[in-house]
Visitor: 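Before I ask anything, let me first share the structure, which is written out below as structure tokens.
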Amino acid sequence: MNKITVIGTGYVGSTIAYTLTVMGIASDIVLIDINKDKALGEAIDIKQGTPYCSPCSIYAGSYPDAAGSDIVIITSGVARKPGQTRLDLAQININILNCITPEITKYAPDAMYIIVSNPVDILTYVFCKRSGLPEEHIIGSGTILDTSRLRSRLSDHYNINQKNVHAYVLGEHGDSSFIPWSMVNISNVPIKQFSESLEYQGKNYPPLDFAELEMSVRQSGSKVIGLKGATFYAVSMAVCHICQCLLSSVDMSMPISTMLHGEYGIEDVCLSIVNVIGKRGVEGKILLPLNDTEVALLRKSADRLKETLRSVDY
């Protein structure tokens with residue numbers, strides 16, 4: 001019996017609720033939104049398809065209904081529009097989060113919290129500071145989505161199963177994110193040697209343009225927003241993957257946004273490095289052996305986020 005509360009039933013929140021239901025991750029799903037009719041409509045729409053899924057009770061509610069939740073997912077906020085950066089949304093979404101935080105933590109103080117709203121690193125930091133909850137119970141979705149986009153692109157380039165691609169995007173979920181190429185490998189072959197190692201008959205893969213691919217991954221969300229107005233499928237699958245890992249008895253490593261306390265010389269900011277998560281939340285951090293250039297990029301990303309934090313009220 002797993003209970004998950006989703007706060008915010010816009011594109012992302014409602015798609016997360018739908019994906020949780022289809023994947024059979026939760027037995028109880030509570031939808032909370034300031035627009036009660038929207039939450040009710042989404043709950044009814046999903047519930048009417050549950051005879052074809054694992055048994056699941058999904059309903060619209062209010063904060064008291066979140067009591068006993070194993071996981072709370074916060075997606076509320078103003079969505080990014082074409083041309084906007086995630087950091088452009090900072091102050092307005094901080095204000096929204098500050099209204100939500102005391103209400104939800106009153107009824108679900110023991111839950112694991114996943115922050116999804118943008119700018120996710122800033123909001124994860126604010127939630128850590130304002131909620132009073134243990135930091136190991138607070139996760140920002142961070143660059144787990146960027147990492148999925150990267151692995152998808154590499155998989156397409158080499159026409160190989162994504163499960164054979166091992167790579168991360170680290171730092172801010174935004175314009176200062178970066179790929180530590182020294183750590184990227186496919187089937188345990190370092191990425192810079194992988195093309196040379198291929199012996200496919202009749203197949204010739206073009207050289208990989210690292211700079212182009214990194215820029216493509218960084219701008220992927222903006223591209224989708226420009227094409228269809230919003231992004232919600234991929235991030236929903238990523239968040240549901242986090243939920244699965246939190247509810248599993250086996251720990252899993254992934255790049256998520258958490259508070260740093262001296263890792264790589266970085267203090268008092270939330271951004272994505274590789275963490276191990278499990279039933280107790282954030283179990284620990286994996287300090288990848290980044291080279292000097294990569295450590296400098298991570299610190300640059302941290303500085304950018306700190307600059308934003310200095311410019312907002314929280």
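Values below: all heavy atoms of this structure, side chains included; hydrogens, waters and symmetry mates excluded.
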Visitor: Applying a strict under-4.5 Å side-chain criterion to I, L, V, M, F, W and Y, I'd like to know whether Y168 and L287 cluster together.
Guide: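 In one cluster with Y168: L287, yes.
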Visitor: For the OH atom on Y59, are there more than 12 heavy atoms of other groups (residues, nucleotides or ligands in this structure) within a distance under 6.0 Å?
Guide: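 For Y59, atom OH is crowded (more than 12 foreign heavy atoms under 6.0 Å).
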Visitor: To check you understand the geometry: which heavy-atom pair defines the closest contact between M112 and G281, and what is its length?
Guide: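 Closest approach of M112 to G281: CE-N, 3.4 Å.
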Visitor: So F127 and I74, do their side chains get closer than 4.5 Å, heavy atoms only?
Guide: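 Yes, side chains in contact.
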Visitor: How many angstroms lie between CD1 in I46 and OH in Y18, if you round to the nearest 0.5 Å?
Guide: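 It comes to 8.5 Å.
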Visitor: Are any of the side-chain heavy atoms of I58 and T21 separated by less than 4.5 Å?
Guide: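 Yes. Closest side-chain heavy atoms under 4.5 Å.
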Visitor: Counting only N and O atoms by type, is there a donor-acceptor contact under 3.5 Å from the side chain of D33 to the main-chain atoms of K36?
Guide: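 No; judged by distance alone, with no hydrogens or angles, the pair does not exist.
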Visitor: Looking only at non-hydrogen atoms, find the nearest pair between S141 and V116 and report the distance.
Guide: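 For S141 and V116, the tightest heavy-atom pair comes out as OG-CA, 3.8 Å.
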Visitor: Flag yes if M237 and I225 sit in one hydrophobic cluster, no otherwise; membership is Ile, Leu, Val, Met, Phe, Trp, Tyr, and two members link when side-chain heavy atoms are under 4.5 Å apart.
Guide: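 M237 and I225: separate clusters.
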Visitor: Is Q193 atom CD crowded by more than 12 heavy atoms from other residues, nucleotides or ligands, each under 6.0 Å away?
Guide: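 Yes, the 6.0 Å shell around CD holds more than 12 heavy atoms from other groups.
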Visitor: Quick one: are I160 and S187 in side-chain contact, heavy atoms under 4.5 Å?
Guide: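 In contact.
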Visitor: So, for G8 and T75, which heavy atoms are closest and what is the spacing to 0.1 Å?
Guide: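 Smallest interatomic distance, heavy atoms only, reads O-OG1, 3.0 Å.
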Visitor: Apply side chain to side chain contact (heavy atoms under 4.5 Å, CB included) to I4 and D70, showing your working.
Guide: CA-CA 6 Å; I4 298 179; D70 298 287; 5.6 Å; no
Visitor: Answer whether the closest heavy-atom distance between the side chains of L154 and I191 falls below 4.5 Å.
Guide: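 Yes, close enough: below the 4.5 Å cut-off.
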Visitor: Please give me the minimum heavy-atom distance between K3 and A67, naming the atom from each residue.
Guide: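 What the structure gives for the nearest pair is NZ-O, 2.7 Å.
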Visitor: Does any non-hydrogen side-chain atom of I73 lie less than 4.5 Å from one of I242?
Guide: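 A side-chain contact is absent here, since even the closest heavy-atom pair is not under 4.5 Å.
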Visitor: Assess R218 against F178: is NZ or CZ under 6.0 Å from the centre of the six-membered ring, and within 45 degrees of the ring's axis?
Guide: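 No cation-pi geometry.
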Visitor: When you measure from the side chain of N159 to the backbone N and O of D156, does any donor-acceptor pair fall under 3.5 Å?
Guide: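 Flag not set: sc N159 to bb D156 has no pair under 3.5 Å.
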Visitor: Would you say S253's side chain and V276's backbone share a donor-acceptor pair under 3.5 angstrom?
Guide: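 A pair under 3.5 Å: no.
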Visitor: Which atom names give the shortest non-hydrogen contact between T143 and P255, and what distance separates them?
Guide: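 Distance-wise, the nearest heavy atoms are OG1-CB, 3.5 Å.
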Visitor: Hey, could you give me the OG/CG distance between S257 and L271, rounded to the nearest 0.5 Å?
Guide: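 Atom-to-atom, S257:OG and L271:CG are 6.0 Å apart.
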Visitor: Let me confirm one number: the CD-CZ distance from Q162 to R151, rounded to the nearest 0.5 Å.
Guide: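 It is 9.0 Å, given to the nearest 0.5 Å.
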Visitor: Does K300 NZ have over 12 foreign heavy atoms under 6.0 Å away?
Guide: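 12 or below, so no.
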Visitor: Starting at OG1 of T231, measure out to NZ of K223 and round the result to the nearest 0.5 Å.
Guide: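 So the OG1 of T231 and the NZ of K223 are separated by 14.0 Å.
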Visitor: Could you give all pairs that pass the salt bridge (Lys or Arg N to Asp or Glu O under 4.0 Å) test and reach residues 249-271, with sequence neighbours left out?
Guide: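 Salt bridge (Lys or Arg N to Asp or Glu O under 4.0 Å) check on residues 249-271 returns K129-D268.
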Visitor: Can you confirm whether I34 is buried at CD1, in the sense that more than 12 heavy atoms of other residues, nucleotides or ligands lie under 6.0 Å from that atom?
Guide: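 Not buried by this count: 12 neighbours or fewer within 6.0 Å.
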Visitor: Count the heavy atoms of every other residue, nucleotide or ligand shown that sit under 6.0 Å from NZ of K285, and state whether that count exceeds 12.
Guide: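 Result for NZ/K285: enclosed.
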Visitor: Taking a hydrophobic cluster as the set of Ile, Leu, Val, Met, Phe, Trp and Tyr residues connected by side-chain heavy atoms closer than 4.5 Å, whether directly or through intermediates, do M215 and I179 fall within one such cluster?
Guide: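 Hydrophobic grouping puts M215 apart from I179.
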Visitor: For Y314 and Y125, take the angle between the two ring planes, folded into 0 to 90°, and tell me which bin it lands in: parallel under 30, tilted 30 to 60, perpendicular over 60.
Guide: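 Y314 and Y125: perpendicular rings.
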Visitor: With side chain to side chain contact (heavy atoms under 4.5 Å, CB included) as the test, would you mind laying out the steps for T258 and T124 before giving the verdict?
Guide: CA-CA 7 Å; T258 55; T124 302; over 6 Å; no
Visitor: Could you tell me if the side chain of L246 sits less than 4.5 Å from the side chain of I114, heavy atoms only?
Guide: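 A side-chain contact under 4.5 Å exists here.
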Visitor: Looking just at side-chain N and O atoms, do N2 and S27 make a donor-acceptor pair shorter than 3.5 Å?
Guide: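 Judged by distance alone, the side chains do not pair up.
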Visitor: Checking the side chain of K38 only, and the main-chain atoms of T9 only, is there a donor and an acceptor separated by less than 3.5 Å?
Guide: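 Looks like yes, one N/O pair under 3.5 Å.
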Visitor: In terms of hydrophobic clusters joined by side-chain contacts under 4.5 Å, are V224 and V169 together?
Guide: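 Hydrophobic grouping puts V224 apart from V169.
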Visitor: Roughly how far, to the nearest 0.5 Å, is the CD1 atom of I256 from the CD1 atom of I138?
Guide: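 So the CD1 of I138 and the CD1 of I256 are separated by 11.5 Å.
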Visitor: Are the side chains of K192 and F210 in touch, meaning some heavy atoms are under 4.5 Å apart?
Guide: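 Answer yes - side chains close enough.
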Visitor: Does L213 form a side chain to side chain contact (heavy atoms under 4.5 Å, CB included) with D209? I'd like the steps, not just the answer.
Guide: CA-CA 6 Å; L213 191 149; D209 186 332; over 6 Å; no
Visitor: Do T105 side-chain atoms and T101 backbone N/O form a donor-acceptor pair below 3.5 Å?
Guide: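 Yes: the side chain of T105 pairs with the backbone of T101.
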Visitor: OH of Y264: more than 12 outside heavy atoms within 6.0 angstrom?
Guide: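 Yes, because the 6.0 Å sphere around OH of Y264 holds more than 12 heavy atoms from other groups.
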Visitor: Considering residues, nucleotides and ligands other than N161, do more than 12 of their heavy atoms fall under 6.0 Å from its CG?
Guide: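 Above 12, so yes.
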Visitor: What are the two closest non-hydrogen atoms of D121 and C270, and how far apart are they?
Guide: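 Between these two residues, the closest heavy atoms are CB-O, 3.3 Å.
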Visitor: Looking at OG of S131 and CD1 of I115, how far apart are the two atoms once the value is rounded to the nearest 0.5 Å?
Guide: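 One finds 8.0 Å between OG of S131 and CD1 of I115.
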Visitor: Between the side chains of R280 and E136, is the shortest nitrogen-to-carboxylate-oxygen separation below 4.0 Å, so that they form an ion pair?
Guide: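 Here E136 does not pair with R280 in a salt bridge, since their nearest N and O are not under 4.0 Å apart.
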Visitor: Under the 3.5 angstrom rule, does the side chain of N93 hit a backbone N or O of N118 as a donor-acceptor pair?
Guide: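 At least one qualifying donor-acceptor pair exists.
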Visitor: State whether the number of non-hydrogen atoms from other residues, nucleotides or ligands found under 6.0 Å of F232 atom CZ is greater than 12.
Guide: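 Counting neighbours around CZ of F232, more than 12 heavy atoms of other residues, nucleotides or ligands fall under 6.0 Å, so yes.
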Visitor: With hydrophobic residues grouped by side-chain heavy-atom distances under 4.5 Å, do L40 and I16 end up in a single group?
Guide: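 No: no chain of side-chain contacts under 4.5 Å links L40 to I16.
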Visitor: Does any non-hydrogen side-chain atom of H166 lie less than 4.5 Å from one of V184?
Guide: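 Sidechains of H166 and V184: no contact.
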Visitor: If we count only N and O atoms by modelled type, under 3.5 Å, do the side chains of D146 and S177 hold a donor and an acceptor together?
Guide: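 There is no such pair between these side chains.
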Visitor: Do D28 and C56 pass the side chain to side chain contact (heavy atoms under 4.5 Å, CB included) test, and can you show the C-alpha distance, the side-chain angles, and the key distance before you say yes or no?
Guide: CA-CA 6 Å; D28 285 273; C56 176; over 6 Å; no
Visitor: Donor-acceptor check, side chain of T15 to backbone of Y11, threshold 3.5 angstrom: yes or no?
Guide: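 A pair under 3.5 Å: yes.
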Visitor: Just checking, is any N or O donor in the side chain of E294 or S182 under 3.5 Å from an acceptor N or O on the other one?
Guide: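 S182 and E294 do have a side-chain donor-acceptor pair below 3.5 Å.
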